Amino acid sequence: MNSTTVRPATPDDVPAVKTVTDAAYGHYVERIGRPPVPMLADHAANVAAGRVFVVGEPVHGVLVLVPEPDHLFLDSIAVRPDMAGKGVGRELLGFVDAYAHELGLPEIRLYTNALMWENQKIYPRYGYEMVERRLDEGIYDRFHYRKRIAD
């Protein structure tokens, strides 16, 4: 891995993964009318599957990454609110790029709720292009993004 601080999460990190995820996404509950999907995730199962990466001691940033045959799916990125603006998100997104490259995957994909408008400003700054807006599972209005990884 290219990052010296992002590491795979361990079972001992599960409580911190939940805490950071809930803190990062909790303010959206009122706006979108339900808990965002990352807050409902089975964090222990994701850690056991090797999908979760963390940064910081104590943990202040979390990634959930799912390798697919033709892309890396960025399922969730969460930064503790008190760490906002300190480069944690940039470090995590840089790790995602390096991890996709390491796995030999040509593309990263992600989605964000249409009401999380802050994200619609962030992802394009890091090379993500919006592919489409669609209603997933009949209730989730989402913007789908992708980023192609250079060889």
Side-chain angles (χ1 to χ4, degrees), residues 1-32 34-129 136-137 140 142-150:
M1 310 283 161
N2 289 349
S3 174
T4 58
T5 58
V6 178
R7 63 174 175 79
T10 68
D12 290 342
D13 293 315
V14 171
V17 168
K18 177 172 179 33
T19 298
V20 171
T21 300
D22 288 353
Y25 287 92
H27 70 282
Y28 291 119
V29 173
E30 184 176 342
R31 189 187 302 174
I32 66 175
R34 65 178 51 87
V37 172
M39 293 177 73
L40 305 174
D42 184 337
H43 303 296
N46 281 334
V47 168
R51 295 177 173 168
V52 182
F53 296 84
V54 297
V55 65
E57 286 296 332
V59 172
H60 53 257
V62 175
L63 288 169
V64 181
L65 302 173
V66 182
E68 298 289 350
D70 63 345
H71 69 278
L72 181 62
F73 179 60
L74 172 49
D75 188 35
S76 176
I77 182 170
V79 175
R80 239 179 34 217
D82 65 317
M83 295 298 291
K86 297 182 179 177
V88 178
R90 179 175 43 254
E91 180 179 7
L92 291 171
L93 288 172
F95 176 84
V96 175
D97 290 357
Y99 190 58
H101 185 75
E102 180 180 303
L103 295 175
L105 296 171
E107 185 172 284
I108 301 164
R109 297 182 191 168
L110 64 86
Y111 57 72
T112 188
N113 188 291
L115 294 177
M116 295 179 181
W117 52 78
E118 301 89 343
N119 296 340
Q120 296 161 37
K121 296 176 185 173
I122 293 171
Y123 293 123
R125 290 196 322 238
Y126 290 93
Y128 290 84
E129 62 177 317
D136 293 330
E137 300 174 38
Y140 299 108
R142 294 176 173 153
F143 288 93
H144 291 256
Y145 290 85
R146 74 173 173 206
K147 178 179 185 178
R148 296 185 195 277
I149 300 298

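Nothing here was measured: the structure is a model prediction, and the numbers come from that model. Values below: all heavy atoms of this structure, side chains included; hydrogens, waters and symmetry mates excluded.
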Inter-residue atom distance [X].[atom1] - [Y].[atom2], 0.5 Å rounding:
X	Y	atom1	atom2	result
Ser76	His43	OG	NE2	8.0 Å
Tyr145	Ile122	OH	CD1	10.0 Å
Arg142	Glu137	CZ	CD	5.5 Å
Met116	Glu118	CE	CD	8.5 Å
Asn113	Tyr25	CG	OH	10.5 Å
Ile108	Glu68	CD1	CD	13.5 Å

Problem - Lys/Arg-Asp/Glu bridge criterion (N-O < 4.0 Å) met for Asp70, Arg109 - result: yes
Practice task
Given side-chain contact (heavy atoms from CB on, under 4.5 Å), test Val14 with Val52 step by step and report yes or no.
Solution key: CA-CA 9 Å; Val14 171; Val52 182; over 6 Å; no
Considering only heavy atoms from C-beta outward, does the side chain of [X] approach that of [Y] to under 4.5 Å?
X	Y	result
His60	Val55	yes
Thr112	Tyr128	no
Leu92	Val88	yes
Arg125	Arg90	no

Exercise for the section: Carefully, step by step, assess Val29 and Met39 under the rule side-chain contact (heavy atoms from CB on, under 4.5 Å). Expected result: CA-CA 10 Å; Val29 173; Met39 293 177 73; 4.0 Å; yes
Handout entry: Test applied, side-chain contact (heavy atoms from CB on, under 4.5 Å); reference residue, Phe95; option that passes from Ile77, Thr5, Leu63
Key = Leu63
Under 3.5 Å: donor-acceptor pair, side chain of [X], backbone of [Y]:
X	Y	answer
Lys147	Tyr126	yes
Asp97	Gly94	no
Arg31	Leu115	yes

Specify the closest pair of heavy atoms between [X] and [Y], including all atoms of both residues, with the distance to one decimal.
X	Y	result
Val6	Glu91	CG2-OE2, 4.0 Å
Ala16	Val59	CB-CB, 3.9 Å
Val79	Met83	CG1-CB, 3.9 Å
Pro81	Ala24	CD-N, 4.3 Å
Leu110	Phe73	CA-CE1, 4.0 Å
Leu72	Leu105	N-CD1, 3.8 Å

Problem - Step-by-step ring pair (Phe, Tyr, Trp, His ring centres under 6.0 Å) determination, Tyr111 to Tyr140 - result: CA-CA 10 Å; Tyr111 57 72; Tyr140 299 108; 8.2 Å; no
Problem - Worked check of side-chain contact (heavy atoms from CB on, under 4.5 Å) between His144 and Arg146 - result: CA-CA 7 Å; His144 291 256; Arg146 74 173 173 206; over 6 Å; no
Practice task
Test side-chain contact (heavy atoms from CB on, under 4.5 Å) on Phe143 and Trp117 and set out the steps.
Solution key: CA-CA 10 Å; Phe143 288 93; Trp117 52 78; over 6 Å; no
Handout entry: Crowding at CZ, Arg80 (>12 non-hydrogen neighbours, <6.0 Å)
Key = yes
